[in-house]
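Read the structure below first, then the notes.
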Amino acid sequence: MRVFKFGGASVKDANAVKNVVNVLDTTGFSELVIVVSAMGKTTNALEEIVALYVDTDVAYKKNILDLHDFHVDILDALFDSQHYPVFTKVEALFKDLQTMLIRNKSNQYDFIYDQTVSYGELIATTIISEYLNHKGYTNEWIDARDLIKTNQVYRDAEVDWQKTQDCIITKINKKGLSITQGFIGSDTHNFTTTLGREGSDYTAGIFAYCLGANSVSIWKDVPGVLNADPRVFENTNLLSHISYSEAIELAFYGASVIHPKTIQPLQRKEIPLYVKSFLDPLSAGTSVKKGQPLDPYMPCYIVKKNQILVSLSSLDFSFIVENMISEVFNLLHEYQLKVDLIQNSAISFSVCLDDRFNHFNELLPILKARFKVTYNIGVSLYTVRHFTKDAIDSLEKNKSILLKQITRETYQMVALN
């Protein structure tokens, strides 16, 4: 039993969908679960629809039509006639989306977000499942919301592992070919939840864990895990082998090639993870397994942009002690701000934050009532695993550095863009 995950770039248009068939021809397609993301930039488009809808801007309806046309163009390129049932199924999904927004009574942004954005994965898997059937790859389309059960924390739901495992074991045919959605699940009231942005990798890990899969393969538009993002850094290198612990570290610090939560369920059952190129499915890519050393051993660079650096000090110049730090962390948790770096002195405490859900402006007046607050918005957090002096010197060159710190294996720096 294997699990494949195809991301948005790997199914971004009709030619990409056709290439999925090429990958299956090369790798085999029996005893396989395929997890699929929304096509191309569909999630971004749906996020814009949510923003317009919440602002009561009727332009969201035009955006839905544009997104509809994008998917119909893909259908037209995949099927030689609009008489195939897939056209009706996709039309029904878009009608469901419009109806859901019209009937919605909630004013909770995160709830609306999850109910809306999930349609990207539902539409993508419907198209791919029907196309594979059309090409002779008989498969079963599975609604991930019937399988992955979560709590009610919308946009960042936690998995109920026991319920999820019971559902997956019961409903997945381990001998066949199944197509399902990444990123989405459902709560106890059967409302749609999502597992966090880019959560389709995590979905693949969940299925692999529950099914006791032999492996997980994530198909990307890069040859595997690189030691740096090629969109930011020059002269990147492919990492052939990584341990689970190293992959967790890289993902935690922000390496975009693997979702941070993906590794943990795989590690518990020692299921190998492969990150491979959908353009060259026979290439080795990167393997992630227990205990194998980083190969080649070299500095690994990560950058997270659009961060917020916040420095707090007490209003009466008293020491920043444990109870104050605890208070700050409780507030950060309440407002869903992710902490990526911490540094403190006797009278100040600094954190670099990822404001994933745009809640910082709500938290700021609360912090100002309790502390003296200074902050910088839009900074970048640079991390180097297995740093060298040359790596640090090169990274710091011509940058305005606000904060930096070094541990045994990791160098981090916050700098103005």
With distance as the sole test, does [X] use its side chain to make a donor-acceptor pair with the main-chain N or O of [Y] at under 3.5 Å?
X    : Y    : value
T116 : Y113 : no
N63  : I49  : no
E121 : A38  : yes
T126 : L122 : yes
K175 : E31  : no
T194 : D114 : no
Q115 : T192 : yes
N227 : N237 : yes
S287 : Y274 : no
T203 : F183 : yes

Under 4.0 Å between a Lys/Arg side-chain N and an Asp/Glu carboxylate O for [X] and [Y]?
X    : Y    : value
D166 : K171 : no
K397 : D393 : no
R356 : D156 : yes
K149 : D160 : no

Residues in side-chain hydrogen bond (donor to acceptor under 3.5 Å, both in side chains) contact with Y60, at least two apart in sequence or another chain
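If we apply the side-chain hydrogen bond (donor to acceptor under 3.5 Å, both in side chains) test to Y60, skipping adjacent residues, there are no hits.
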
Is [X] close enough and on-axis enough to [Y], meaning under 6.0 Å and within 45°, for cation-pi?
X    : Y    : answer
K12  : F70  : no
K290 : Y244 : no
K304 : Y382 : no

Will you find, in the side chains of Y411 and E396, an N or O donor that is under 3.5 Å from an N or O acceptor?
yes

For a 4.5 angstrom cut-off between non-hydrogen side-chain atoms, does L353 reach D340?
no

Evaluate the criterion side-chain contact (heavy atoms from CB on, under 4.5 Å) for residue pair K372 and S314; output intermediate values, then yes/no.
CA-CA 6 Å; K372 178 182 177 183; S314 59; over 6 Å; no

Give the ring-plane orientation class for [X] versus [Y], where under 30° counts as parallel, over 60° as perpendicular and anything between as tilted.
X    : Y    : answer
F29  : Y137 : perpendicular
F6   : F4   : perpendicular
H259 : Y202 : parallel

Apply salt bridge (Lys or Arg N to Asp or Glu O under 4.0 Å) to E246 and R385, showing your working.
CA-CA 9 Å; E246 185 65 38; R385 289 278 294 165; 2.9 Å; yes

S318 and I347: side-chain contact (heavy atoms from CB on, under 4.5 Å), yes or no, with the steps?
CA-CA 6 Å; S318 60; I347 60 172; over 6 Å; no

